[in-house]
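Order of the sequence lines sets the chain letters (A, B, ...), proteins ahead of strands, with each chain counted from 1.
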Number of protein chains: 2
Amino acid sequence: MSRSSRPRRRATLATLAAELKVSRTTVSNAYNRPDQLSPELRNRVLAAAKEMGYSGPDPVARSLRMRRADTVGLLLDQPLNYTFRDPAAVDFVAGVADACDAAGRSLLIVPTGGSRDAQAAAEVVNRASVDGFVAYSVSGDNPYLAAALERHVPVVVCDQPTGLEGVVLVGIDDRAAMASLAKHVLAAGHRQIGIMTMRLTTDFRDGVVPLDEALDSTFSVQRDRIQGIADVASDYGDEVSITVMQTGSHNRESGAAAARSIMEVAPNITVLVCTSDVLALGAMTWAAGAGVSVPSDLSITGFDGTRDAQRADLTTVVQPSELKGKRAGEILMSLPAAHSSRSEYLDTTLRQGSTLAPPRRRP
Amino acid sequence: MSRSSRPRRRATLATLAAELKVSRTTVSNAYNRPDQLSPELRNRVLAAAKEMGYSGPDPVARSLRMRRADTVGLLLDQPLNYTFRDPAAVDFVAGVADACDAAGRSLLIVPTGGSRDAQAAAEVVNRASVDGFVAYSVSGDNPYLAAALERHVPVVVCDQPTGLEGVVLVGIDDRAAMASLAKHVLAAGHRQIGIMTMRLTTDFRDGVVPLDEALDSTFSVQRDRIQGIADVASDYGDEVSITVMQTGSHNRESGAAAARSIMEVAPNITVLVCTSDVLALGAMTWAAGAGVSVPSDLSITGFDGTRDAQRADLTTVVQPSELKGKRAGEILMSLPAAHSSRSEYLDTTLRQGSTLAPPRRRP
DNA sequence: TTGAAAGCGCTAACAG
DNA sequence: CTGTTAGCGCTTTCAA
């Protein structure tokens, strides 16, 4: 039955071994432990493999046997086409990919686009052939994250949710970072502050939100950033008035729309402090279109320090998004071993751009 | 031995079955064929699973048995942190993810960041637990693509390389699309044309490239776009002079640098036709910094139609990047079945922005 | 409805 | 250096 080439069925390690009249171990070794057999034999095996169209051990079978998939799962809070609109998120993903790359692992993007139904989420998460998950900035009640946690595999969370029992977190000190920016805003003389934030709840509503409600959000990142502003504002007592506007979507268009609304609601606002660069850039677009000049008529600040923000010379908080991804990936891959891993907080810096200035003196 | 909770080792379908004193089939059915057992029994199984910390059939074992991974592999030509600098690529990936999402498949990003060594590439590709690959705009000699092809799994290629035997391609007619833009450029009166293109060879060299050498590139996308310009230019005979500048990297900084160089080399150029929006936007940045006003001093055109380009009101060719990704994914997943699949060419449109105008009359 | 049996393709002791 | 043996955890006929 030694018909040359074109095997009637997919070649396997066993068929190859049979063909060569060697044991399966030998063939396996040819691929995984070259030092365990003579070079000639190894070459003979490899040559026969090529001839039979065998491209090495089946990765699935290998994973089953080795009990490890060599793959990192990535959990996002929103569909990819949406997530990718945010340069900070893109940088994060690139960072994770980078870490995977360096460790020879693959990166599996879990399809979290669908429903938020717990049942469906669990199914998707449980069907992912991965050794662990990195969750990027998902809400506290994200069902995919819950399912990942249930699965008893290592999980590293980035940004939020914070305070999960026994879960390593990679993030920044959002509250302090925003506070440092807020200090400049208030020191510049601003007292009528508009805050633009992305969603504070899982639904996609937009509009004005009472400050104390915002400070109660399950999205801790937004909440902490707003808290950072409130912290500083409280030093100024009643002088300061804060209006919070939530945008349903996180893209420039929403930012522009939100800027328009908030200025309608509270026209005496002199600064828009945004919880992301994307929203701030949207506000800039609105301002440009509305003939509002920045910063002389209105100051605008961002958060993230994306390349786009740097280009626009935005005053913003710069955080190391790509590094966060890299660290998240690295920590995850070291996790089962180094179970002692502690959460990690990375540094941020303030970028003094040209979009913050003292408020125009009221007539 | 029926110790409640905390199993000493990972629960499996078999241990669950034993615990419940039912067969493995029954447990399997509880997950995969709910209609094959009574609802009570099923609930009993599910409850016991929860109790024992069993989160459903192991995906790897399942894949081995079913002989399918339910995962699509993605092959990129460059590391992710690099690829993601290009909004068109980001859109493409989002499109593939979208298609996967809709089909309940995962998306596996193959770590192609490393060497271009054939051996290493084959190893990485062969270790990916996927049912097929989508390759995005890789060079004709990309070793990862070669390995994927060797593996005898379905492969869908996007953009390039073209003309691969028995491989479905999703793309656009680059040559015609660029020609339609070039017609406008020449009709506007431009005769001294600068072409800015991303790399034409696998190495990362930058500098001026002879036109005929550019038309011989293994990167068919770049080549075809340049060919499109050449096609139209040939109608004008010797009147037209073309200078081609290659950028080593594909990002705005490189675009800016290339714009500076090419204008130094050929100062009488009146229009920069760029093979991507990223390069065109880089050129715009350079122009703004150099006090060259667009389009009155210099016209600049792009290619892709990214959101950034629309914002900058660039004159460019708009191609449906996200749709390309979606179609590539869909076709791949339908492939083993519908083996009759044909390559697919999507439509492009010309976007008349404000960065192309007749050349300033020479003094 | 349920159960028994037969692998999917591979790796890792362990013994030769 | 090579072969034998024993599963990894699961799905799926086929019978009961």
Worksheet entry | Nucleotide dG3(C), atom P - distance to CZ of Arg33(B) in whole Å | 16 Å

Fill in: Options dC10(D), dC10(C), dT11(D), nucleotide nearest the side-chain atoms of Asn32(B)
dT11(D)

Discussion item. Is the distance between the ring centroids of Phe133(A) and Tyr144(A) under 6.0 Å?
Written reply: no

Worksheet item: Leu13(A) has an atom CG; how far is it from atom P of dC8(D), in whole Å?
Response: 19 Å

Practice prompt. Would you please say whether a donor-acceptor pair under 3.5 Å links the side chains of Arg62(A) and Asn32(A)?
Written response: yes

Response to the item:
Here the distance between atom C1' of dG9(C) and atom CG of Leu16(A), to the nearest Å, is 12 Å

Practice prompt. Pick base, sugar-phosphate or nothing for Tyr54(A), based on heavy-atom distances below 4.0 Å to the nucleic acid.
Written response: sugar-phosphate

Worksheet, complete the sentence: Picking from dC10(D), dA12(C), dG9(C), the nucleotide nearest the side-chain atoms of Met66(A) would be dA12(C)

Worksheet entry | Leu75(A), Leu74(A), Leu76(A) screened by side chain to side chain contact (heavy atoms under 4.5 Å, CB included) with Val110(A), the one that passes | Leu75(A)

Worksheet item: Reading nucleotides 1-7 of chain D 5' to 3', which nucleotides get B (base under 4.0 Å from a protein heavy atom), which S (sugar-phosphate only), which -?
Response: SBBBBBB

Item to complete: Measure the distance from CZ on Arg68(A) to C1' on dC8(D) and round it to the nearest whole Å.
Response: 13 Å

Worksheet item: Judged by modelled atom types alone, do Gln160(B) and Ser137(B) share a side-chain donor-acceptor pair under 3.5 Å?
Response: yes

Worksheet item: Roughly, in whole Å, what's the span from CG in Leu64(B) to P in dA6(C)?
Response: 18 Å

Worksheet entry | Rounded distance (nearest 0.5 Å) linking atom CG of Asp58(B) with atom CZ of Arg65(B) | 14.5 Å

Item to complete: Tell me, with the steps shown, if Leu346(A) and Lys324(A) meet side chain to side chain contact (heavy atoms under 4.5 Å, CB included).
Response: CA-CA 8 Å; Leu346(A) 308 180; Lys324(A) 281 200 302 190; 3.5 Å; yes

Worksheet item: Can a side chain N or O of Arg67(B) be found less than 4.0 Å away from OP1 or OP2 on dC8(C)?
Response: no

